[in-house]
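To keep things clear, I will list the structure first and then write my remarks on it.
When reading the values below, keep in mind they use all heavy atoms of this one structure, side chains included, and skip hydrogens, waters and symmetry mates. Numbers restart at 1 for each chain; the letters A, B, ... are given by sequence-line order, proteins then strands.
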Protein chains: 4
Amino acid sequence: MAGSVNKVILIGNLGADPEIRRTQDGKPIANLRIATSDTWRDKATGERKEKTEWHRVVIFNEGLCKVAEQYLKKGAKVYIEGALQTRKWTDNAGIEKYSTEIVLQGFNSVLTMLDGRSGGGGGASDDFGGSDSFGQSGSSSRRQPAMAGGGGSMRDVMDDEIPF
Amino acid sequence: MAGSVNKVILIGNLGADPEIRRTQDGKPIANLRIATSDTWRDKATGERKEKTEWHRVVIFNEGLCKVAEQYLKKGAKVYIEGALQTRKWTDNAGIEKYSTEIVLQGFNSVLTMLDGRSGGGGGASDDFGGSDSFGQSGSSSRRQPAMAGGGGSMRDVMDDEIPF
Amino acid sequence: MAGSVNKVILIGNLGADPEIRRTQDGKPIANLRIATSDTWRDKATGERKEKTEWHRVVIFNEGLCKVAEQYLKKGAKVYIEGALQTRKWTDNAGIEKYSTEIVLQGFNSVLTMLDGRSGGGGGASDDFGGSDSFGQSGSSSRRQPAMAGGGGSMRDVMDDEIPF
Amino acid sequence: MAGSVNKVILIGNLGADPEIRRTQDGKPIANLRIATSDTWRDKATGERKEKTEWHRVVIFNEGLCKVAEQYLKKGAKVYIEGALQTRKWTDNAGIEKYSTEIVLQGFNSVLTMLDGRSGGGGGASDDFGGSDSFGQSGSSSRRQPAMAGGGGSMRDVMDDEIPF
DNA sequence: TTTT
DNA sequence: TTTT
């Protein structure tokens, strides 16, 4: 349809290290799980409430995949701009399911790190060597030095768990 | 989580008239189906391609529900600002499903009509009488006179078809 | 600075036909004047109020310049995504002035027409022939047939009126 | 005008401590100077380039003013959502000038801190006591403990310097 | 004037 | 599963 806009803007934290896979012709695809949350005070009880929302982010853009792979870790805070896409798939029991994802593909996609927290030591904070070559102006980011320990162990779990 | 943002911006057209329901205590909830689409030219074949994406919008904000009920019709073009929310539900066969929706609730929600198209006759295009009372500054809209014929008949279909 | 975002989203109407100029090496630059407005009801008097805001939009992106030149006319409703930029200049009296503009340049810029209104007759609404070649995915638009009469006459006025 | 949108989204750093003033009837107004910057590599020379853009942010929303006053300091990284507004004023020499600002007023305004950096010591990081009372859902923030030294001295300078 |  |  002419004249339409489909845009998602998120600021949140990664629930796990990025998962990187490759297509048969070698192109990378990165999957992120991002949490956002709302906090409010219950009007009746005055109690503090919080609700966390989990988002599935899929990165087809090759440059941004590289950024995700090299710099993002579980816990990192990111700014993301992408588009909504709902995908149909069939689970092992043959049941049709739908999964809605935020897709970063082509232009008008942005992925920016918002924290330069070091996981333990150095204050290193170089810019990405190639932030300008991602095809996304404005997509500059701060380097996040590898966090001590690192994740990785969670990746397999996430592969199985299947989304929604 | 502190410092998070969860925002969706859509411009698209209604695939059907809005569905309005009420909670037990009488509060309205409006459901919209909105289509956005991307067009591009296939690099290999040069062929023109188009992909339509359907979005579920749920309006809890009472003022915006009224707007939806009174002014929106199948085919109307709207601007929407809301937040992503994924809801778990169980279908008739007892199977757990997830549905991701764009929720307009409380503040920071916007619903604006982008066309004042008349369905047949007049060029009438009064502003909403009460656009300022919706609790959303910037949420002004142009009136869309009832479209000839109108929808309605599609509602039942949409209930059955079930999306995701 | 690493990790920054500078984004403006406007939906508004052109106050005049686009002005197209060319740099010495022949690259087009389009200037648009776009109006947005807020309406609200005065709490004290109950009176309906409206305030119009005028925006200067400058398009360096060559593909979007072409769109502006060919399809946009005074009165057209557009969706725009760009970045804020403040420029210093010196007027004829030698006084330094600043002008803040919304710049559409490179990627992450969007220009989409939101009306297919015909200025006289047909309901023609072809897509742009080359919407995919603008370097902006998601930047599809509906064609606006040339409006009867056309603008032009207003251009001179606007040049003089001086903006900010 | 019906159906318009005027939205600015910024992520950047404060160039100075917030300035807080009060209207004659005691309502607070906060002024922020926020820097965003783009980095890219020059295609010809391969040189790394950076351009910083400075933004004037004016907060009329009382709750967000309190947030600015209590938690924001020079150097803080923030997410801001507001609207563009151009204001005319006359300088001491009687010359008319224009200043374009990002206004946070009423609803649809957001101010969120994106760093919880401590200026020297503690890891203190309570949520705002009243983040839910700002009239902005989604406007939660992380506390920034007072930074050692603090600014303040810069405020007077900024009053005089006059913007654009 | 920030930040990297 | 994140973050505060």
The criterion is side chain to side chain contact (heavy atoms under 4.5 Å, CB included); which residues satisfy it with T90(D), sequence neighbours excluded?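 Here the qualifying residues are E96(D).
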Quick one: CD1 on I80(D) to CG on L32(D), what's the gap to the nearest 0.5 Å?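 Answer for the CD1-CG pair, I80(D) versus L32(D), is 5.0 Å.
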Between atom [atom1] in [X] and atom [atom2] in [N], what is the gap in whole Å?
X       : N      : atom1 : atom2 : answer
I34(D)  : dT3(E) : CD1   : P     : 13 Å
L72(A)  : dT1(F) : CG    : P     : 20 Å
K77(D)  : dT2(E) : NZ    : C1'   : 10 Å
L114(D) : dT4(F) : CG    : P     : 12 Å
E53(A)  : dT4(F) : CD    : P     : 19 Å

Side chain of E50(D) only, heavy atoms from C-beta on: which candidate in dT3(E), dT4(F), dT1(F) is closest?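 Comparing dT3(E), dT4(F), dT1(F) against the side chain of E50(D), the answer is dT3(E).
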Candidates dT1(E), dT2(F), dT3(E) - which lies nearest the side chain of K74(D):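 It is dT1(E).
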Test of understanding: with side-chain hydrogen bond (donor to acceptor under 3.5 Å, both in side chains), list the residues that count as partners of Q85(B), not counting sequence neighbours.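 Checked Q85(B) against side-chain hydrogen bond (donor to acceptor under 3.5 Å, both in side chains); zero matches.
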Is there a donor and acceptor pair closer than 3.5 Å between the side chain of T52(D) and the base of dT2(E)?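 By the distance-only test, yes, there is a pair.
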Are dT2(F) and W54(A) stacked, with the base six-membered ring and the side-chain ring centres under 5.5 Å apart and planes under 30°?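 So no, this residue does not stack on that base, at least one cut-off failing.
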